[in-house]
Amino acid sequence: ADPIRQRLAIHQQQQQLQKGRLHQVEQWRLRLLEEGDSALAALLDEHPNLDAQQLRQLIRNSLHEKKAAKPPKAFRQLFKYLNNYLQ
């Protein structure tokens, strides 16, 4: 029974870490959309490997979609990009 409990505990810890990471990604996405360039500069300071041009484009497209009441394609793409590169 102990090995099973240990594996379950490890699995639960991994799920909690993943959940926390997804919350961090969502917080960055919302911050980028609300704060603009200052948030982008802070993100790039923390993660210099990110593509600033691609992020600017995704942010711009997300804001345009929201203003035009279009489906949130770029909004999802921004999340996906951040999720792939924020570790």
Side-chain angles (χ1 to χ4, degrees):
D2 284 337
I4 293 172
R5 284 189 197 116
Q6 289 174 347
R7 287 187 183 198
L8 283 173
I10 291 169
H11 180 70
Q12 288 173 343
Q13 288 174 346
Q14 290 172 340
Q15 284 183 324
Q16 289 298 327
L17 289 173
Q18 178 67 9
K19 187 177 179 181
R21 198 172 80 68
L22 291 175
H23 284 298
Q24 180 187 24
V25 169
E26 180 60 25
Q27 288 173 347
W28 270 116
R29 176 173 64 174
L30 294 176
R31 188 173 168 196
L32 289 168
L33 294 173
E34 292 172 0
E35 297 176 24
D37 287 337
S38 63
L40 181 58
L43 179 64
L44 292 173
D45 283 343
E46 280 187 35
H47 304 278
N49 60 323
L50 298 177
D51 183 348
Q53 184 176 358
Q54 185 174 5
L55 281 167
R56 281 189 186 94
Q57 184 67 40
L58 289 169
I59 293 166
R60 188 172 33 253
N61 289 348
S62 295
L63 293 171
H64 178 71
E65 285 173 351
K66 185 175 182 179
K67 188 176 180 180
K70 291 184 176 183
K73 180 180 176 185
F75 186 72
R76 283 189 226 108
Q77 288 174 337
L78 178 58
F79 183 88
K80 187 175 180 179
Y81 179 86
L82 292 170
N83 190 37
N84 285 335
Y85 293 104
L86 295 183
Q87 304 276 335

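Computed from a predicted structure; not experimentally measured.
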Which atom pairs, donor and acceptor, lie under 3.5 Å between side-chain atoms of residues 30-40 and protein residues at least two apart or in another chain?
{"from": "R31", "atom 1": "NE", "to": "E35", "atom 2": "OE1", "distance (Å)": "3.1"}
{"from": "S38", "atom 1": "OG", "to": "E35", "atom 2": "O", "distance (Å)": "3.4"}

Rounding to 0.5 Å, atoms CG (L55) and CG (L43) come to a distance of 6.0 Å
Side-chain donor/acceptor pairs under 3.5 Å, residues 4-17, sequence neighbours excluded:
{"from": "R5", "atom 1": "NH1", "to": "D2", "atom 2": "OD1", "distance (Å)": "3.1"}
{"from": "H11", "atom 1": "NE2", "to": "Q15", "atom 2": "NE2", "distance (Å)": "3.3"}

By side chain to side chain contact (heavy atoms under 4.5 Å, CB included), A52 pairs with (sequence neighbours left out) L44, R56
Please list all pairs meeting ring-ring contact (aromatic ring centres under 6.0 Å, His included) that have one or both residues in residues 13-63, counting only residues at least two apart or in different chains. none
Sorted by first residue and then second, give each salt bridge (Lys or Arg N to Asp or Glu O under 4.0 Å) pair with at least one member in residues 9-28; sequence neighbours left out. E26-R29
Around atom CD of Q53, are there more than 12 heavy atoms of other residues, nucleotides or ligands at under 6.0 Å? no
Please list all pairs passing the ring-ring contact (aromatic ring centres under 6.0 Å, His included) test where one or both residues lie in residues 67-87, with sequence neighbours left out. Y81-Y85
side-chain hydrogen bond (donor to acceptor under 3.5 Å, both in side chains) pairs, two or more places apart, involving residues 62-78: none
